[in-house]
There are 2 protein chains.
Amino acid sequence: MTYTIKQVAEKTHLSIYTLRFYDKQGLLPFVSRDRSGYRAFTDGDLLLLHTLSCLKDTGMKISDIRQYMALVMQGPSSIPQRQQLLRAHRNAVLVQQHAIERNLQEVDRKLRLYDSPMATDLVGLELATAREEKIANGLPDPFPKHI
Amino acid sequence: MTYTIKQVAEKTHLSIYTLRFYDKQGLLPFVSRDRSGYRAFTDGDLLLLHTLSCLKDTGMKISDIRQYMALVMQGPSSIPQRQQLLRAHRNAVLVQQHAIERNLQEVDRKLRLYDSPMATDLVGLELATAREEKIANGLPDPFPKHI
DNA sequence: CTAAACCCTAGACCATACTCTATGGCAAGT
DNA sequence: ACTTGCCATAGAGTATGGTCTAGGGTTTAG
């Protein structure tokens, strides 16, 4: 049993365009063609496509995915390089996740401020201070006159 | 005390280019100009730039940051809209973080496979199976003959 | 045998977020 | 005054990751 590009698009939630784009970028060296030149995806191909999606969805760049897929094509001898690539990626993702977590905590702080009963006063004070800071430095006040 | 664009670039680790780009995109409506038309950043501006960085680094799009900054300019009356914007963003980020976590677990699974003592055998078997699947479907074998 | 519904490629186009170049004004030291 | 080093804008260029169109072959149901 093989699948057409349309069937694979439905299964993977990638568009046909994206699948062809990935193929053009060398991300699908494992996909064979039938006698008419049509891509024929096997179940094994779908597994590799799933791996591809995991890498893509964790932010791996196309050039790195291409490299990984090239290593997969080479068979078991490339396992050490695959490990190196995946471990580097895993680390980059974890670093990124922690950075996002930290930044999101600042967003949470803002949300708590806005939720507070004194939010209007505090925000108003902040604005008044910013306004005065501009004026104290001889700068035009960029804030609109509140009506 | 005010800061030039160069000093702000050093403090924020954003490039001068990026700062000017953000201004052009309407992300810095709070920054005033001096008599020469030079941007003069105040300490209050730096706080807003910090907020901007938090939003950017959690993946908020420029158009949404612009909207948030426009709300900030309007003063305390826009607090409800700010909450709505930040909460929507916070949710999107959390969803994204969980998706990444799930996908990273699949990467971890691969890494454990490659770490296992039977890695070579298992990967070799996988490749042999994929190869047979192609042949069984009358397709060319895309894998290189291993030497 | 023909029409509908697929498939293909090449290459143009788009969105996003910068990054840089060209050109010129301003400011401070010598 | 002049050189150095900032500042400004407009607009071109780059990188990334798609998305779509044009032109053409294939397959399948009627």
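Just so it is clear, the model here is predicted, and its values are computed rather than measured. Proteins get letters first, then strands, A, B, ... in listed order; numbering begins at 1 in each. The basis for the numbers below is simple: all heavy atoms, side chains too, and nothing from hydrogens, waters or symmetry mates.
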### Query
Would you call Asp23(A) and Arg33(A) a salt bridge, taking side-chain N to carboxylate O under 4.0 Å as the test?
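A salt bridge links Asp23(A) with Arg33(A).
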#### Entry: Other residues, nucleotides, ligands: >12 heavy atoms within 6.0 Å of Glu10(A) CD
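Check passes, neighbour count above 12.
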To the nearest 0.5 Å, tell me how far [X] [atom1] sits from [Y] [atom2].
{"X": "Leu71(B)", "Y": "Ser77(B)", "atom1": "CG", "atom2": "OG", "value": "9.0 Å"}
{"X": "Ile65(A)", "Y": "Met69(A)", "atom1": "CD1", "atom2": "CE", "value": "7.0 Å"}
{"X": "Ser32(B)", "Y": "Arg131(A)", "atom1": "OG", "atom2": "CZ", "value": "11.0 Å"}

#### Entry: Contact interval (first through last nucleotide) of DNA chain C with protein chain B, 4.0 Å heavy-atom
dA17(C) to dA27(C)
### Query
What integer distance in Å separates Phe21(A):CZ from dG17(D):P?
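The answer, rounded to whole Å, is 7 Å.
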Are [X] and [Y] close enough that some pair of their side-chain heavy atoms sits under 4.5 Å apart?
{"X": "Leu94(B)", "Y": "Leu104(A)", "answer": "yes"}
{"X": "Leu49(A)", "Y": "Phe41(A)", "answer": "yes"}
{"X": "Met60(A)", "Y": "Leu85(A)", "answer": "yes"}

### Message
Return a single string for nucleotides 3-16 of chain D, one symbol per nucleotide in 5' to 3' order, where B is base contact, S is sugar-phosphate-only contact and - is none, cutoff 4.0 angstrom on heavy atoms.
### Response
---SSBBBB----S
